[in-house]
Each structure stands twice: as C-alpha cells, then as structure tokens.
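Just so it is clear, the model here is predicted, and its values are computed rather than measured.
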2 protein chains.
Amino acid sequence: MKNQALTLLDTVERLGHLLRAGLRQAGTTNGLQPMHLQALLYLNEANRYSNTPQALAEYLGLTKGTVSQSLLLLARRRLIARHADEKDGRLVRLALTDKGKEVLKELGVGNAWRDALQQASPARLSSATKVLKEALAILQTKSGQKTFGVCVTCRHNLHIGPRSYVCGLTKEKLSSREVSKICREHSPIEENVA
Amino acid sequence: MKNQALTLLDTVERLGHLLRAGLRQAGTTNGLQPMHLQALLYLNEANRYSNTPQALAEYLGLTKGTVSQSLLLLARRRLIARHADEKDGRLVRLALTDKGKEVLKELGVGNAWRDALQQASPARLSSATKVLKEALAILQTKSGQKTFGVCVTCRHNLHIGPRSYVCGLTKEKLSSREVSKICREHSPIEENVA
DNA sequence: ACGCTACGTTTCGTGTCGATACTATTAATT
DNA sequence: AATTAATAGTATCGACACGAAACGTAGCGT
C-alpha cells in the first residue's frame with residue numbers, strides 16, 4: 001500500500017477510459033465522436049445561463065473555436081438548434097432538438113453503471129461519492145476551472161419559499177426544475193472552512 | 001437523492017474530464033496529445049508481456065492502426081524505442097527512451113491529485129477506492145475488455161517463495177519488481193464469489 | 001465617439017481515429 | 001510438407017478534433 005491517492009487516481013483514470021470508450025462505441029452507431037455526445041449530454045442539463053458555446057467550451061476544457069466547429073456539425077445533423085439571444089446579440093442559445101433528445105435516450109448512458117453499482121451498499125457508495133466530490137472541487141478550483149454544479153449546491157441560490165428559488169447573482173426566479181440543472185456560474189457552498 | 005449511482009457516475013465523468021484536460025495542457029508544452037502521454041504512461045508500467053502496440057491498443061480501446069500512427073510519431077521524437085522480438089518476428093517491443101522517461105518525470109502527473117486528496121482520511125480513501133475498483137472490474141468484464149491489472153492481483157501469479165514469483169500462464173519467473181507492473185493477460189482473483 | 005472586452009466564427013495546420021487493404025510471421029490442418 | 005488460418009504490424013484514405021490566430025460584431029466603459 002504505497003500511496004492510496006495514486007491507486008485511486010489510477011482507478012478513476014481507468015474508469016474514465018471506459019466511459020470514453022463506451023461513448024466512442026455508442027457514437028459510432030450515429031457517426032458521432034465522444035465529444036459530440038458530451039456536448040449533447042451537457043446541453044441536456046444546462047440551465048438558462050449556461051446553454052451557450054462559450055459555457056460548453058469551459059465545461060469541456062476546449063477552446064471556443066474548436067467547440068464552434070463541433071456545434072456546426074451537430075446543427076448540420078439537426079441534433080441541436082441555435083438561435084440568437086434577444087437581449088444580448090452576442091450570445092447564441094443552444095438547445096437540443098427532439099431528434100437530439102432521442103439520440104440521448106437511445107444511448108442509455110448510465111445504464112451499465114447502474115447495473116455495475118447495484119451490488120455496492122448505498123452507504124459506501126455515498127461515502128465514495130463524497131470523497132470524490134471533495135477531490136473534484138479542490139482540483140477544479142486549483143486548476144482555475146469553474147465547477148459547473150447544480151444550483152442547489154450553489155451559494156448564490158436562495159431558497160425563498162416552498163418550491164421558490166432566486167439566484168442571488170442574476171436576481172432572477174428559478175423554477176424547482178431549474179435548480180437541479182448545471183450552471184456556469186456555480187460556486188460551491190463552503191462547508192468545512194476549518 | 002434520486003440515484004446514488006448516477007451522481008457517482010457524474011462525478012467520475014467530471015474527474016475524467018479534468019484528468020484529460022490536465023493531460024492536454026501538460027502535453028501542449030511538448031507538442032503532445034493526451035493520447036501520447038497515456039501511451040508513455042502505459043509503457044512505463046507495462047510488463048514484458050504487454051509492451052507491444054497491440055496491447056497498448058487494447059488498453060486504450062483503440063484500433064491497432066490508430067495506435068500504430070501515434071507510435072510512429074513518438075518514435076520520430078525519440079520518446080520510445082522499437083525493436084523486433086527475437087523469438088516472435090511478428091512482435092514489436094516498445095520501450096521508453098531516457099528522453100521519454102524524462103518527459104514523464106517533468107509532467108508530474110499525479111501531483112495535483114496527491115495534494116487534493118491529502119485532506120481525506122485514509123480509511124475513507126481506501127473505501128472509495130474499493131467501491132470504484134469493484135465497479136471497474138464489473139464494467140470491464142461486462143464490456144469484454146481486459147482488466148490490465150498488476151500481477152500481484154492476478155490469479156495466474158504464483159508466489160513460490162520470498163521475492164520469488166512465477167506466472168502460471170507462461171511458466172516464467174518474474175522479479176518482485178515485475179509483479180507490480182501492468183499485464184495484458186491479467187485476470188483478477190475472484191474473492192467474493194458469493 | 002472612443003477604446004475595451006466578451007462572444008462567436010473562420011481558416012489553417014497537425015494529429016486522432018476507424019475502416020480497409022496490405023505484408024510478414026507463426027500456428028493449425030490437412 | 002503444403003495449405004490454410006490466425007496474429008502482429010504497417011500504409012493509406014477520409015472525416016473530424018483541436019489549438020492558434022485573425023476576424024467580425026455586440027455590449028460596456030470612459
């Protein structure tokens with residue numbers, strides 16, 4: 001047992017491999033690259049502040065030019081729709097088309113995982129999740145990346161009543177559905193400031 | 001708390017992103033793609049049965065043609081050495097050059113991780129590792145992939161004395177250093193056959 | 001009006017990646 | 001021994017990812 005952190009790193013790395021290989025295989029059916037599927041998955045979960053090319057680029061850690069190309073391809077195949085924002089002429093809003101949603105459904109991305117983890121005890125599962133989430137948060141802030149969490153775990157999110165939320169950053173009301181979506185401006189609630 | 005497995009999946013996915021982004025950034029310094037670094041990392045850990053193009057292709061989940069191209073590039077830059085196997089003329093043995101090892105050292109791949117996980121308690125760390133390893137094994141066998149573990153955890157490995165090992169598959173002696181390397185023929189020891 | 005910054009696209013060069021076709025060596029069959 | 005099959009690797013092609021850099025445009029500041 002030389003270094004626990006490194007064996008965990010290795011395991012996560014291998015899991016990442018598997019996920020990627022799975023995406024690749026799933027994608028070849030539709031002639032899509034892993035990156036395309038990741039984009040679709042992201043857009044399916046992005047809230048109204050985060051459905052733009054720039055946000056996607058930040059999420060994937062790629063340059064905007066690269067992302068622009070891939071979005072062009074996805075639009076060509078009618079998997080996403082693009083239309084300009086009405087308030088801000090610089091922004092392009094991205095949304096999945098029905099066809100795009102269908103592709104995601106057919107993939108059934110998490111299915112293999114659900115099966116694989118069914119044996120594990122929920123307690124240990126949640127413990128593992130917690131460890132990894134902490135690590136993720138540390139690594140993200142350390143590398144200067146945004147965290148891209150859901151509003152529920154965001155310090156800007158204000159729970160002002162039953163099923164009633166407001167984003168302290170934009171002062172806009174958020175539906176209870178929207179607060180479980182990914183936001184580009186997400187800033188995690190700091191709990192253990194010890 | 002709708003589905004623990006899926007949130008864990010999500011976290012691992014994001015960690016995979018980060019790892020990949022880190023590799024990409026680290027690689028641009030030397031003009032290398034993530035895949036190249038993964039290849040170098042693999043060759044640094046591969047045992048004598050597994051340092052071939054084919055094994056690398058299986059490890060990365062790519063086709064041999066693709067891998068062949070990347071290896072060509074790495075050889076061009078003198079990061080790896082290629083020479084034919086003496087017994088089997090079809091095989092090409094791959095090895096890191098001194099320059100290749102140096103590149104890996106400069107990267108310091110796991111450093112950020114070590115730091116990020118230093119706060120976590122060892123007990124929870126090992127628990128998380130265990131959960132993920134189980135999931136990994138299940139997913140690997142399910143997707144028909146090889147496990148690529150180290151000999152120590154392989155059912156073929158026989159511990160015949162102090163610091164003395166033999167691979168039951170090839171009947172060859174293995175050094176104590178070699179049994180901690182990655183093997184293509186790895187088959188995990190099944191513990192909980194419950 | 002002026003620069004300044006942010007968002008997005010375009011272009012270009014390098015490289016990944018799968019598919020296919022090909023060579024060479026070894027193993028299996030007849 | 002000769003033929004056939006299987007395995008390891010390479011070569012070529014086309015589609016596309018990716019970063020870098022240049023560009024256009026919209027909003028924001030003085």
Side-chain angles (χ1 to χ4, degrees), chain A residues 17 20-40 49-77 79-80 82-94 146 184-185, chain B residues 17 20-40 46 49-77 79-94 146 184-185:
Chain A
H17 266 161
R20 203 175 167 73
L23 277 186
R24 190 180 302 286
Q25 191 168 13
T28 47
T29 313
N30 308 298
L32 295 174
Q33 305 275 336
M35 182 275 187
H36 298 145
L37 297 178
Q38 289 178 332
L40 294 181
Y49 307 125
S50 314
N51 56 352
T52 70
Q54 179 69 24
L56 178 58
E58 287 168 4
Y59 180 77
L60 296 177
L62 303 176
T63 62
K64 52 187 181 169
T66 297
V67 169
S68 185
Q69 291 306 306
S70 301
L71 291 175
L72 220 60
L73 182 146
L74 289 174
R76 228 183 292 142
R77 305 203 183 167
L79 298 177
I80 63 172
R82 312 151 45 108
H83 51 82
D85 186 286
E86 303 195 348
K87 302 276 183 69
D88 190 333
R90 296 170 300 180
L91 297 180
V92 171
R93 294 294 173 189
L94 304 169
K146 301 189 175 169
R184 179 189 181 185
E185 309 289 351
Chain B
H17 266 162
R20 203 175 166 73
L23 278 186
R24 189 180 303 286
Q25 191 170 12
T28 46
T29 314
N30 308 298
L32 295 174
Q33 306 275 335
M35 182 275 186
H36 297 144
L37 296 178
Q38 288 177 333
L40 294 181
Y49 307 126
S50 315
N51 57 351
T52 71
Q54 178 68 26
L56 178 58
E58 288 167 3
Y59 180 77
L60 296 177
L62 305 176
T63 62
K64 52 186 182 171
T66 296
V67 169
S68 185
Q69 293 305 307
S70 300
L71 290 176
L72 223 58
L73 182 148
L74 289 174
R76 229 184 291 140
R77 305 202 182 169
L79 298 177
I80 63 172
R82 312 152 45 106
H83 51 83
D85 186 285
E86 303 195 347
K87 301 276 182 72
D88 190 333
R90 296 170 301 183
L91 298 179
V92 171
R93 295 295 173 185
L94 304 169
K146 300 187 175 170
R184 181 190 180 183
E185 309 290 349

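Rounded to whole Å, the distance from CG on B:Leu56 to P on D:dG9 is 10 Å. Between B:His17 atom NE2 and D:dC18 atom C1' there is a gap of 15 Å when expressed in whole angstrom units. The distance from atom CE of A:Met35 to atom C1' of D:dC18 is 9 Å, rounded to the nearest whole Å. Residue A:Leu60 contributes atom CG, which lies 18 Å from atom P of D:dC16 at whole-angstrom precision. Distance B:Leu94 CG to D:dA8 C1': 12 Å, rounded to the nearest Å. Nucleotide C:dG15 holds its C1' atom 11 Å from the CZ atom of B:Arg24, rounded to whole Å. The nearest whole Å value for the distance from the CG atom in B:Leu79 to the C1' atom in C:dG15 is 15 Å. Rounded to an integer number of Å, the gap from CG of A:Leu32 to C1' of D:dA15 is 13 Å.
For A:Glu185, there are no salt bridge (Lys or Arg N to Asp or Glu O under 4.0 Å) partners at least two apart in sequence or on another chain. With sequence neighbours excluded, no residue forms a side chain to side chain donor-acceptor pair (under 3.5 Å) with B:Thr52. Listed by chain and residue number, nothing satisfies the salt bridge (Lys or Arg N to Asp or Glu O under 4.0 Å) test with B:Arg82 (two or more places apart in sequence, or in another chain). In this structure A:Arg90 satisfies the salt bridge (Lys or Arg N to Asp or Glu O under 4.0 Å) test together with A:Asp88, sequence neighbours excluded.
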Using a 4.0 Å heavy-atom cut-off, write out nucleotides 4-14 of chain C from 5' to 3' as B (base contacted by protein), S (sugar-phosphate only) or - (no contact).
--BBBBBB---
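Taken from CZ in B:Arg20 to CD in B:Gln38, the straight-line distance is 6.0 Å, to the nearest 0.5 Å.
A salt bridge (charged side-chain N to carboxylate O under 4.0 Å, His left out) check over residues 57-68 of chain A, counting only residues at least two apart or in different chains, returns the pairs A:Glu58-A:Lys146, A:Glu58-A:Arg184.
The residue among A:Thr63 and A:Gly31 whose nearest nucleotide of DNA chain D is located toward the 5' end is A:Gly31.
Among the heavy atoms of the strands, none lies under 4.0 Å from B:Thr28.
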